[in-house]
Protein chains: 2
Amino acid sequence: MFEELRADLLGGLMEPGQRLKLTVLSSRFGVSQSVVREALTRLAEQGLAVSSPQRGFSVRPLSVADLSDLTRVRVQIESLALRQSFELGDLAWETQVLATHHTLQRTPVTRPDGSVHDAWSTAHREFHRALLAGCGSPHLENIATSLRDGAELYRRWSWMLTDDHLRDLAAEHRLLKDLALDRDADRGVEALAEHIERSTRDLIAYATEHGLDSDSPDPVGTGPVARHGRPREEPGSPSSA
Amino acid sequence: MFEELRADLLGGLMEPGQRLKLTVLSSRFGVSQSVVREALTRLAEQGLAVSSPQRGFSVRPLSVADLSDLTRVRVQIESLALRQSFELGDLAWETQVLATHHTLQRTPVTRPDGSVHDAWSTAHREFHRALLAGCGSPHLENIATSLRDGAELYRRWSWMLTDDHLRDLAAEHRLLKDLALDRDADRGVEALAEHIERSTRDLIAYATEHGLDSDSPDPVGTGPVARHGRPREEPGSPSSA
DNA sequence: ACTCAAGGGATTATCGATAAAATCGCGACC
DNA sequence: GGTCGCGATTTTATCGATAATCCCTTGAGT
């Protein structure tokens, strides 16, 4: 149940800032409010949701300032971890990088019906995790994973709104894999930074162009999310049905 | 209540690895098991406790491997943040560094009766937070804080077991403050790294010398913790009453 | 004497309900 | 016509109890 809710959040099913009411979630998953509450508590501690005292929980709001900061920190942390992986990674690490890259390469990005990407997403996460797993530092790895999860939220929106970065993703991953096997730290870090910053650049450009900045009420929600048929019931939108 | 439990954990009142039973905690704090459970969930997500499914919660176990890793990562992260603080910090940052250092300097480390240090601990945390607060990156700041909290657990034990680092703490903090005001990044990072690594070195030396490694049952618990009169009721100790 | 199995006790996880709090809507007042 | 205040409804936070799980002890069997 926790994993389900987490997947929903990461999948971008709920729009940012939307309130997460205990009753609707408990009926939705068929469990009591207690377990929903515990799940939300964990999610909030992870940063995927926010908890307002006496106000309940809501989906973590998105903003270009946060995305910008997140990306910058992510580049720094992942560069650190990648460099250490290149120095300290053993044979098992090399093997894992190769294996996860193969899986990622052979997993289709989108399904034939054009819907979302569930297997590819996990494969993508596994590949990037494997890249950094050689650093030999559990703490550093956890931090990197946590940051990546935070960025995942943005990546889903970037996916829906901009579409000019789909073509060379495979090439970027292949380059990262090759540089890892070659232990070319400098170029590896450079490639990883570019890989991380690319979608951020696109999304920020789109956001500033379309004027949806920090407190966009729902312009992102009018897109592919409406597909899920969830009625917008936020009190912030005066243009009710 | 959450803060109380968190302070107890950080204060080293419970010994590492000890089980945290819901009933005793709920009666201890005079609240229901639900709120204890929520607090433990949050603490577990923060890393201060560990959650075993169907087995409840327990105090985060300590090990030299974990401490070593934690210290290494902490040096890297804090160096990153400090360097950015030195570059980007504004007047407000300088002021905060100066102010928190003054408070820290004027707060006695131990009380006259020789007991623990509650005000000093918060002042210490505030000073280090202020040092890094100029980096202009909320995410990086959060990560650094989280790592510092994790290290706090070890620091308390280091305090009780080794005592050769009490004398020059004030000098180290003053040096850090001066270097911050001078914006001397290289020497600042060097001083901070030394400051972080010092107690770790001492504690690891003590641990390896006294043979209490990863799974020490309670040799650390026989120390100042027994002062709290809490009977050892772990099932792991066969020498029961 | 040791191993294995079943029973009893203790502890955790979940549930439904109650109490507290906040929000929203309606009406009175300025 | 606009604003403030009060009451009703929704929602959260807490509670006590039940059901499920695990650990330890006790006993028989080998």
Calculate the interatomic distance between B/Lys21 atom NZ and D/dT21 atom P; express it in whole Å.
-> 21 Å
For A/Ser137, enumerate each residue passing the side-chain contact (heavy atoms from CB on, under 4.5 Å) test, keeping only those at least two apart in sequence or located in another chain.
-> A/Cys135, A/His139, A/Leu140, B/Asp69, B/Val73
Any idea which of D/dT12, C/dA22, D/dC23 is nearest the A/Arg19 side chain?
-> D/dT12
Which pairs, with at least one residue in residues 127-137 of chain A and sequence neighbours excluded, count as a salt bridge (charged side-chain N to carboxylate O under 4.0 Å, His left out)?
-> A/Glu126-A/Arg129, A/Arg129-A/Glu141
Residue A/Arg55, side-chain heavy atoms: nucleotide from D/dC23, D/dT11, C/dA22 that is nearest = C/dA22
Gap between atoms CD and P, on B/Gln54 and C/dT12 respectively (whole Å) | 11 Å
Choose from D/dT12, C/dT12, D/dC23 the nucleotide whose nearest atom is closest to any side-chain atom of A/Thr23.
-> D/dT12
Would you please name every residue forming a side-chain contact (heavy atoms from CB on, under 4.5 Å) with A/Thr122, sequence neighbours left out?
-> none
Just how far, in rounded Å, is P of C/dA22 from CZ of A/Phe57?
-> 16 Å
If a pair satisfies side-chain hydrogen bond (donor to acceptor under 3.5 Å, both in side chains) and one of its residues is in residues 47-61 of chain A, list it, with sequence neighbours excluded.
-> A/Arg60-A/Asp66
Under 3.5 Å, which donor-acceptor pairs do the side chains of residues 3-12 of chain B form with other protein atoms, sequence neighbours left out?
unit_1, atom_1, unit_2, atom_2, d
B/Arg6, NH1, B/Gln46, OE1, 2.4
B/Arg6, NH2, B/Asp149, OD2, 2.6
B/Asp8, OD2, B/Arg28, NH2, 2.6

Is B/Leu40 touching bases, backbone alone, or none of the nucleic acid, heavy atoms closer than 4.0 Å?
-> nothing
Nucleotide N/O to protein N/O under 3.5 Å, stretch nucleotides 14-17 of chain D:
unit_1, atom_1, unit_2, atom_2, d
D/dC15, OP2, B/Ser32, N, 2.9
D/dC15, N4, B/Ser34, OG, 3.4

